[in-house]
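Below you'll find the structure, written out as structure tokens, and then a few comments.
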Amino acid sequence: MEHAAEDILALTEENKQLKKELRMAQRELNQRARTISATERNFALKMNMSRALAAENEKHQQFLWYMMKSSADLLILLDSDLNVAYGSDLFLKIVGAAFINEVAGKRIDDIYSRFTNGDLFETIMRELLECVNYNEMRRCDIFADIGKNAERRAFRVTYVPMYDNELKGVIINWSDTTDIIKAKIDAEEANKSKSNFLATMSHEIRTPLNAIIGISQIQLQKYGLPPEYSAALEKIFTSGNHLLGIINDILDLSKIETGKFELSDVEYYLPNLINDAVQLNIVRIGSKPIDFILDLEDGLPSRMCGDELRLKQILNNLLSNAIKYTEKGYVKLLIRHYWENGEIRLRFVVEDTGQGLKMKDQSRLFSEYVRFNSDANRTTEGTGIGLNITQNLVKMMNGTIKAQSSYGCGSIFTVEVTQLAVECPPLGTKLAEKLRDFTFMGERQISTIQTIIDPMPYGNVLVVDDVETNLYVAEGLLEPYELNIDTAISGFVAIDLIEHGRTYDIIFMDHMMPEMDGIETTQKLRALGYKGTIVALTANALVGNGEMFKQNGFDDFIPKPIDANLLNNCLNKYVRKEE
């Protein structure tokens, strides 16, 4: 029994040990099961991620393939060693490869050498190497025989480096710019043709206008004309100048479009500018029941620096429009100023009680060749380009122009421009009041048709022009000066006169003449050693500028139609002798 008890006790202990070992084995199995499960899950997750990455990579590969397939440009992708990685179909076609693997891994300089050589090869390789060395985009414009049907075409070659701490590759894009360049050339040719057309039309229109305005001036210089003759000539003269103004507007617009228009800043006397603009436009009121109101501050600077002529043109355009489209009520010109960054901001406000604009028309207000309320304004003069030119002039003066309008009630135009300051006193109360009541006389009188003439019987003048009417006008305008006048119907005749020893105080030389124009004639005269004064007479206002004529041997120029005041100034400058 004693042994049996001991055996039972030993078995009990052994059973406990076995149970303990079993529990430990169970825990180990459970742990291994959990480890296996986690591994399986990780494996499954990795497999899913791998499939997703593969799908994304395939998507990117397809995208790249489609991009290369459909690109109209010659595209090349290089790796970090500047070997070809991908290329567009156009690239493969040019290098004679059917598939990308035929050129993949090859050096780009080896590929380039297949379709370029000499200076072209050096240029495109230099830009590539500079792109890589300086880590910046590079581009060059070239011509190469690699385009459609291997014809010579223009390309813009762009190199874009791909860096991520170090060079990863380069994107090369050859973009065919042949059509763009051709379109640009065509546009330049069209613009040149337009300029030539306008220059020719300017000459052709100004030539008869020279006769109309010139002969009117000649007759109006005469005293004692019967009133009905004087009135008729005044109307001819005014109408001619109105037509001249339309032509000048068209030419100004063309100059602005081509970027050839420049402002000429000079010091000017503000009261004269205001008075000239007001007096010119008051005349336009005629018999209309319109009050003209001038509202200006006494503290306005009396002098400023800017383009007086173009500033006056802005005022004339705004005032003439206001009067033109107002049948009764008032037209008001308000002038103010303020200082900004040491410069003067000059503000003009033109208000009227005229027709006003419909809402649909206000967005087109500053468009070219647009007129409004055409049914009501069939008989109203104008080309519809004045406001467009005004807007461009204002922009050139670093200014702004705004319009408010109510159909049937009138309009308000506000213009602000920048002018340079000049040390000067303000207008003052007395001067401002004279301007307001239109009794201002100013430092000079407004130019009139009749000019004060000092005879110069000692002067010798030659007029060269291929149009008999122009010679008649020039002689008529010069006749009151009692000058000794010779005429020449061509540059050949003028040269012959000089070669036979004739000398003149002034040679007035027409610009555009057949066979040998005024510039060529002047150059030949200068080549002969002629030192006398030569003044260009030009009906070609599009290119007729003082600098151009001076570069070609002229001393000065006068535009056609000939203005009596400009002619008088010219004679006083070059012919008149001080007593």
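Because only heavy atoms are used, hydrogens play no part in the values below, and waters and symmetry mates are left out as well, while side chains stay in.
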Looking only at heavy atoms, the pair that brings I558 and L567 closest together is CD1-CA, 4.0 Å
**OP:** Decide yes or no for V464 and F508: does some side-chain heavy atom of the first lie under 4.5 Å from some side-chain heavy atom of the second?
**Re:** no
| query | Given E308 and Y269, is the side chain to side chain donor-acceptor pair (under 3.5 Å) satisfied, shown in steps? | reply | CA-CA 9 Å; E308 180 185 12; Y269 190 49; over 6 Å; no
Note to self: One pair to check against side chain to side chain donor-acceptor pair (under 3.5 Å): R347 and T414. What are the steps and the verdict?
What the structure shows: CA-CA 7 Å; R347 177 186 296 150; T414 303; over 6 Å; no
Taking CZ in F438 as the centre, count heavy atoms belonging to other residues, nucleotides or ligands within less than 6.0 Å. Is the count above 12? yes
* Asked: Is S230 reaching over with its side chain to a backbone N or O of P226, donor-acceptor style, under 3.5 angstrom?
  -> no
Sorted by chain and number, sequence neighbours left out, salt bridge (Lys or Arg N to Asp or Glu O under 4.0 Å) with K288 holds for E327
Next item on the list: Examine distances only and state if a side-chain atom of R303 and a backbone atom of L270 form a donor-acceptor pair shorter than 3.5 Å.
Entry: no
* Do you see a donor-acceptor pair shorter than 3.5 Å between the side chains of Q419 and Y268? -> yes
When V575, N484, V461, D486 are each screened for side chain to side chain contact (heavy atoms under 4.5 Å, CB included) with Y504, the one that passes is D486
Derivation and outcome, side chain to side chain contact (heavy atoms under 4.5 Å, CB included), residues M304 and L346: CA-CA 10 Å; M304 300 182 194; L346 192 58; 3.6 Å; yes
Query - Validation row: V278, F292 side chains within 4.5 angstrom (heavy atoms) - result: yes
Look at atom OH of Y472 and say whether more than 12 heavy atoms of other residues, nucleotides or ligands are closer to it than 6.0 Å.
-> no
Quiz prompt | R436 bridged to E433 by N-O distance under 4.0 Å | solution = yes
Separation between CZ (R156) and CD1 (I181), nearest 0.5 Å, reads 8.5 Å
side-chain contact (heavy atoms from CB on, under 4.5 Å) filter on S490, not counting sequence neighbours, yields F492, V493
*asked:* Is it true that N317 and T390 share a donor-acceptor pair across their side chains at a distance under 3.5 Å?
replied: yes
When you measure from the side chain of T533 to the backbone N and O of I506, does any donor-acceptor pair fall under 3.5 Å? no
Can you check whether A564's main-chain N or O pairs, donor with acceptor, with N568's side chain at less than 3.5 Å?
-> no
**Item:** N/O donor-acceptor pair under 3.5 Å between R310 side chain and I314 backbone
**Value:** no
Item checked: Main-chain N/O of K328 paired with T353 side-chain donor or acceptor, under 3.5 Å -> yes
Hey, are D454 and K577 close enough for a salt bridge, meaning a charged N less than 4.0 Å from a carboxylate O? no
Closest non-hydrogen atoms of M456 and L483, given as atom of the first, atom of the second and distance, are O-CD2, 3.3 Å
Close side-chain approach of V415 and V417, heavy atoms under 4.5 Å: yes
Determine whether E416 and Y338 satisfy the following criterion, side chain to side chain donor-acceptor pair (under 3.5 Å), listing intermediate values before the conclusion.
CA-CA 10 Å; E416 285 193 4; Y338 62 92; 2.7 Å; yes
- Please test H511 against F549 for ring pair (Phe, Tyr, Trp, His ring centres under 6.0 Å), starting from the C-alpha separation and ending with a verdict. CA-CA 9 Å; H511 176 202; F549 286 114; 5.3 Å; yes
message: Whether D291 and K332 form a salt bridge (side-chain N of Lys/Arg under 4.0 Å from carboxylate O of Asp/Glu) is what I want to check.
response: no
Shortest non-hydrogen pair, L471 vs A488, comes out as CD2-O, 4.2 Å
Does CD belonging to E479 count more than 12 external heavy atoms closer than 6.0 Å?
-> no
Practice task
Flag the pair Y481 / I453 as yes when at least one side-chain heavy-atom distance between them is below 4.5 Å, and no otherwise.
Solution key: yes
**Request:** Show the numbers, then the answer: is there a side chain to side chain contact (heavy atoms under 4.5 Å, CB included) between I180 and K184?
**Result:** CA-CA 6 Å; I180 297 173; K184 181 181 178 182; 5.6 Å; no
> Does a donor on one side chain and an acceptor on the other come within less than 3.5 Å for Y574 and D555?
Replying inline: no
Here the gap from I534 atom CD1 to I507 atom CD1, rounded to the nearest 0.5 Å, amounts to 5.0 Å
Are any of the side-chain heavy atoms of I344 and L420 separated by less than 4.5 Å?
no
Query raised in the report: Can N316 and N281 be counted as having a side-chain donor-acceptor contact under 3.5 angstrom?
Result: yes
| message | For K550 and D556: C-alpha separation, side-chain torsions, deciding distance, then whether salt bridge (charged side-chain N to carboxylate O under 4.0 Å, His left out) applies. | response | CA-CA 7 Å; K550 286 180 181 178; D556 214 331; over 6 Å; no
Original post:
Are D276 and K312 close enough that some pair of their side-chain heavy atoms sits under 4.5 Å apart?
Top reply: yes
